[in-house]
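Okay, so here's the structure we're looking at.
Atoms within each ligand, like the ligands themselves, are counted from 1 in listed order.
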Amino acid sequence: MELNRLTIIECHDGLKKGDFTSVELTQACLDRIKKRNKKINAFISVFEKEALEEAKKADEMIATDRQQELTGIPFAVKDAINTIDRRSTGGGKILDNYISPYEATVITKIREQGAVLIGKNNCDAFGHGASNEQSMYGPVRNPHDEKHVSGGSSGGSAVSVADHQCIFSIGEDTGGSIRQPASFCGVVGLRPSYGRNSRYGIMPMASSLDTVGPLTKTVEDCAIVQKIIEGRDKKDATTVETQDIASSKKKLRVGVPKEYFNVEGMDEEVKKIIEGKIQKLGKNKKIEIMPVSLPMTKYAIPVYYLVVPSEDSSNMGRLDGVRYGVQAKHKTLYDLYAKSRAEGFPEEVKRRIMIGTYALSAGYYDAYYKKAQKVRTLIRQDFERVFSDPDGSASGGVGVDLLVTPTSPFPAFKVGEKKDDILAMYLADVLVAPAAVAGLPAISVPAGKTKKGLPVGLQIIGNRLEEEKIFQLADFI
Ligand code: GLN
């Protein structure tokens with residue numbers, strides 16, 4: 001058995017029993033990266049020496065009975081998440097030489113357990129993209145068919161797990177960046193409720209939507225990592241203390257929103273696979289399937305692509321070429337300002353800054369940003385209605401516990417296929433953007449494969465802070 005192919009639970013047990021050491025496990029992952037990274041490109045940085053040192057320390061912890069759930073387990077982190085004293089480029093050349101002096105809270109929580117940080121995952125620059133083709137370090141290839149994209153923006157994170165280059169990884173999801181690549185690569189990926197996991201140390205994209213979460217090989221593994229990283233953090237005022245909300249009812253009521261099956265570009269094979277899965281779920285005595293309607297779904301993409309660039313244009317302001325990263329290279333002040341941003345951002349980042357600046361400018365603010373925020377409220381109310389009790393005060397309450405949908409209308413597309421078609425690329429987020437806009441938790445779990453062997457993901461959306469119910473249903477699948 002190749003050690004790098006194990007799950008978190010299997011690694012934990014094997015380490016505990018002394019079947020293998022963390023050094024051996026880490027070496028197996030490093031060997032796999034060495035063999036695959038040139039082609040697949042899931043890592044921007046690999047910390048070979050440091051990882052082996054951390055593994056040695058983990059072995060000492062295990063030997064002295066200090067093993068925790070993640071002790072000695074090699075993991076990877078999206079490069080748009082800061083890791084102390086380690087290169088963190090975010091996928092953009094403007095931070096090519098940036099060594100972060102601090103670390104994201106969620107990463108510290110994992111490392112405090114003695115997990116081994118093996119490297120930083122390739123991603124669309126600062127989270128902007130749905131295919132990983134907006135990384136300035138080259139696209140990530142899908143291990144199921146290397147001519148196809150990994151999805152994005154956490155493409156490297158999904159691929160490193162799917163291709164067994166690490167045991168789990170941590171990604172970031174503003175509008176689908178964990179779920180969509182998880183779906184394209186056949187792994188599990190959770191976007192938590194907004195505020196459940198601390199965003200401290202995540203390079204910010206759109207602050208009212210950004211979340212950070214795990215990508216894993218199994219649902220059980222996903223729940224383990226999520227438990228470890230969640231909770232209130234005084235460095236992120238939006239975080240909340242959480243309680244588990246499992247379903248107390250005998251039956252989980254699961255809604256199927258019809259709008260998610262009729263979107264533009266919906267692939268018939270994907271639709272069939274997901275419908276087949278839902279039918280199967282319906283046979284389970286503990287699950288009740290019912291059709292629901294979320295009429296605001298079609299507005300999620302226009303709202304997302306106004307709110308996100310607006311917040312983005314402000315957040316990207318900190319990457320001015322002066323404060324972090326590449327400045328040493330530029331000799332004159334003019335070069336510093338003009339060239340570092342011109343050369344250091346890919347096209348998509350520049351486009352978002354321009355759109356956002358426009359949408360926020362005097363005279364346009366009311367027509368665009370403010371209006372988008374109003375429609376955002378309507379989208380949230382759409383979800384509130386289906387989740388609320390039919391006997392409660394909200395009119396038209398349906399009382400579902402969860403919603404199931406495809407994660408993406410289509411499987412992974414070919415590298416280059418949509419790169420120059422901006423709107424087509426934005427539409428790739430059509431099924432993942434609504435939950436993000438509403439701040440809701442959602443997971444993508446593998447549901448099957450197309451005839452050509454490309455994975456298809458099923459998305460489960462839950463009510464705010466009800467991740468536990470999501471895991472309950474995901475486990476059935
Ligand atoms: N594809 C989305 C975008 O480009 C997703 C981004 C994200 O979740 N980081 O905005």
> Given the rule in the salt bridge (charged side-chain N to carboxylate O under 4.0 Å, His left out) test, do Lys39 and Glu146 qualify, once you have shown the distances and angles that lead to the verdict?
Replying inline: CA-CA 8 Å; Lys39 208 160 197 188; Glu146 288 163 18; 3.5 Å; yes
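- Under a 4.0 angstrom heavy-atom cut-off, Tyr426 registers as lying outside contact with ligand 1.
- Remark: ligand 1 atoms within the under-4.0 Å shell around heavy atoms of Glu172 are 9 (N).
- For atom 4 (O) of ligand 1, the choice among Arg352, Lys78, Met425 with the nearest heavy atom turns out to be Arg352.
- The number of heavy-atom neighbours closer than 6.0 Å to NZ of Lys271, taken from other residues, nucleotides and ligands shown, is above 12.
- For Lys147, the NZ atom sits in a loose shell: 12 or fewer heavy atoms of surrounding residues, nucleotides or ligands are nearer than 6.0 Å.
- Between Tyr304 and Tyr426, the ring centre distance reaches or exceeds 6.0 Å.
- Looking at ligand 1, you won't find any N or O of Val308 less than 3.5 Å from one of its N or O atoms.
- Under a 4.0 Å criterion applied to the non-hydrogen atoms of Gly176, ligand 1 contributes the atoms 8 (O).
- Less than 4.0 angstrom separates some heavy atom of Asp429 from each of these atoms of ligand 1: 1 (N), 2 (C), 3 (C).
- Shown in contact with Asp173 at under 4.0 Å from a heavy atom are these atoms of ligand 1, numbered in order with element: 8 (O).
- For ligand 1, the polar-atom distance check finds an N/O of Ser177 within less than 3.5 Å of one of the ligand's N/O atoms.
- Checking only distances, Tyr304 does come within under 3.5 Å of ligand 1, N or O to N or O.
- There is a side-chain donor-acceptor pair under 3.5 Å between Asn315 and Ser207.
- With a 4.0 Å heavy-atom cut-off, ligand 1 is reached by the side chain of Tyr305 but not by its N, CA, C or O.
- With respect to Glu466 and Lys469, a salt bridge is recorded, a charged nitrogen being found less than 4.0 Å from a carboxylate O.
- The environment of Gln113 atom CD is dense: over 12 non-hydrogen atoms of other residues, nucleotides or ligands sit within 6.0 angstrom.
- Within ligand 1, counting atoms from 1 as listed, the ones closer than 4.0 Å to a heavy atom of Gly127 are 6 (C), 7 (C), 9 (N).
- At most 12 non-hydrogen atoms from other residues, nucleotides or ligands lie less than 6.0 angstrom from OH of Tyr368.
- A donor atom on one side chain and an acceptor atom on the other are found under 3.5 Å apart for Asn122 and Ser135.
- Polar contact check, Gly152 against ligand 1: no nitrogen or oxygen pair lies under 3.5 Å apart.
- Between Met205 and ligand 1, not a single N/O pair is under 3.5 Å apart.
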